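Bear in mind that the values here come from a model prediction, so they are computed numbers and not experimental data.
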Amino acid sequence: FFSSRRRHTRYWRDWSSDVCSSDLVNVSGAKDAAGNIQNPLTGTTPVFSVDTLNPSVLPVNGSPAGVTVTDTLITDSDAGAGKTFSVSFRFSEPMDKSFIPKVTPSAQVAGITAGTGSWDADGRVFTQPYSVADANADARGVTLTIEDARDLNGNRSVAFTTQTGIDFDTRNATVVSIVANDPLISDADVGSAKLSLAITYSEAMDHGVNPSVTLNPAVTGLSSIPTGSWSKDGLGRSVYTASYTVSDANVDVRDVQVDR
């Protein structure tokens, strides 16, 4: 009879059905036509290899990290000619650099254009660059999925989606309303902080930066109080309140507008 025993020398760390191994073959127990038992053959050189292990992106919090993002908040300061950001994916093994994987965002963001991705010299890290234009966009938590990479034996990579999204905010805030505490200022309103203007913005603002507020036309007898105050309305929008001291300057001015 003929029997064979195979000894597997594993060089990957996986215990699932996906394996990557090099096989040594031992052969013994056969007889020739005269009944003589063969000399046993103990394998010392691999005869064939098995690689059905799909490559994957390394863990995000690993060392080295599986994903590196150069900027997770894209704003107006990141937009313009020559301005880019990139996302790099590190794989579990060397990859076939002739295959360019597909990187797909969870949402299309105006002003963001994908460039040509590339592999590093070792074929382990794929970097996808993006150019940024100011398209007045606002998108939060955009994730990226990478797929269709190949290892050196042609195995397709496991699809991977980033856990932490990228925020895009190139939308410029606007003033949605200006409300005066008193629509008609008269002698009865003379005094400090008697006139206030509540200026509501379209979104949350940086409360450390005060806007410039100008009356058009300028009104004699109204003196702005240098420091205004910030608050938020019920929708989470920022409201800047500018206050004025009113003195009796014997003037009559109608339909004053506010430039901001």
Side-chain angles (χ1 to χ4, degrees), residues 69-86 105-113 130-143 162-260:
V69 184
T70 58
D71 195 346
T72 57
L73 174 60
I74 307 301
T75 65
D76 284 354
S77 63
D78 302 305
K83 297 291 187 70
T84 64
F85 73 96
S86 64
S106 60
Q108 296 298 320
V109 181
I112 307 302
T113 303
Y130 296 88
S131 61
V132 183
D134 187 351
N136 203 34
D138 189 359
R140 308 290 171 163
V142 177
T143 59
T162 56
Q163 298 173 335
T164 302
I166 303 172
D167 293 332
F168 299 87
D169 185 359
T170 59
R171 177 177 295 173
N172 299 97
T174 59
V175 173
V176 296
S177 68
I178 302 176
V179 178
N181 67 324
D182 191 341
L184 177 62
I185 303 302
S186 64
D187 287 353
D189 299 305
V190 171
S192 177
K194 290 295 186 175
L195 171 64
S196 64
L197 303 174
I199 304 170
T200 301
Y201 284 87
S202 57
E203 59 182 290
M205 305 293 287
D206 181 352
H207 291 188
V209 180
N210 293 337
S212 175
V213 181
T214 306
L215 302 182
N216 184 19
V219 180
T220 302
L222 291 183
S223 301
S224 64
I225 296 176
T227 303
S229 62
W230 286 99
S231 61
K232 286 190 176 182
D233 67 6
L235 299 177
R237 302 176 301 184
S238 289
V239 179
Y240 181 77
T241 300
S243 299
Y244 297 82
T245 295
V246 179
S247 60
D248 188 352
N250 199 33
V251 296
D252 188 355
V253 182
R254 304 289 175 172
D255 299 326
V256 177
Q257 297 181 350
V258 179
D259 297 331
R260 66 284 176 192

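Taken to the nearest 0.5 Å, the CG atom of D138 stands 8.0 Å off from the OG1 atom of T170. Going from atom CD1 of I178 over to atom OH of Y240 covers 12.5 Å, rounded to the nearest 0.5 Å. Here the OG1 atom belonging to T200 is positioned 9.5 Å from the CG atom belonging to L235, to the nearest 0.5 angstrom. Between D71 atom CG and S86 atom OG the span is 10.0 Å, to the nearest 0.5 Å. Here the CG-OG distance, from N210 to S229, works out to 9.0 Å after rounding to the nearest 0.5 Å. Residue E203 holds its CD atom at 6.5 Å from CE of M205, rounded to the nearest 0.5 Å.
The two atoms that bring D206 and G208 nearest to each other are OD1-N, 2.9 Å, heavy atoms only. Closest non-hydrogen pair, T84 versus S131, comes out as CG2-CA, 4.1 Å. Summarising the geometry of D78 relative to I74, their closest heavy-atom pair is OD2-CA, 3.4 Å, with the distance given to 0.1 Å. Contact record, A139 with V109: CB-CG2, 3.8 Å, taken as the closest heavy-atom pair. Residues A193 and S243 approach most closely at CB-CB, 4.4 Å, considering heavy atoms. In this structure, V175 and I199 approach most closely via the heavy-atom pair CG1-CG2, 3.7 Å.
Annotation for N250: atom CG does not count as buried by contact number, only 12 or fewer foreign heavy atoms lying within 6.0 Å.
Formation of a donor-acceptor pair under 3.5 Å by the D76 side chain with backbone atoms of D134 is not found in this model. A distance-only check finds a donor-acceptor pair linking the side chain of S106 to the backbone of T143 [under 3.5 Å]. For S202 (side chain) and V176 (main-chain N/O), no donor-acceptor pair under 3.5 Å exists by modelled atom type. Of the possible polar contacts, one joining the S247 side chain to the G221 backbone as a donor-acceptor pair under 3.5 Å is found.
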List the atom pairs, with distances to 0.1 Å, where a side-chain N or O of residues 181-189 and a protein N or O form a donor-acceptor pair under 3.5 Å, not counting sequence neighbours.
residue: N181; atom: OD1; partner: S196; partner atom: N; Å: 2.9
residue: N181; atom: ND2; partner: K194; partner atom: O; Å: 3.1
residue: D182; atom: OD1; partner: L184; partner atom: N; Å: 3.0
residue: S186; atom: OG; partner: A188; partner atom: N; Å: 3.4
residue: D189; atom: OD2; partner: S186; partner atom: N; Å: 2.9

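Looking only at side-chain heavy atoms (C-beta outward), L197 and L215 come within less than 4.5 Å of each other.
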Are Y201 and T174 close enough, and set up right, to give a side-chain contact (heavy atoms from CB on, under 4.5 Å), and what steps lead you there? CA-CA 6 Å; Y201 284 87; T174 59; over 6 Å; no
What do the steps show when you test V69 against T164 for side-chain contact (heavy atoms from CB on, under 4.5 Å), and what is the final call? CA-CA 10 Å; V69 184; T164 302; over 6 Å; no
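Classification of D169 and R171 as a salt-bridged pair fails, no side-chain N sitting under 4.0 Å from a carboxylate O.
Screening T214, N216, V213 for a side-chain contact (heavy atoms from CB on, under 4.5 Å) with V258, the sole residue that qualifies is V213.
Residues satisfying the ring pair (Phe, Tyr, Trp, His ring centres under 6.0 Å) criterion with Y244, sequence neighbours excluded, are absent altogether.
Ring-plane geometry between F85 and Y130 is classed as parallel, the angle between the planes falling under 30 degrees on a 0 to 90 degree scale with a further cut at 60.
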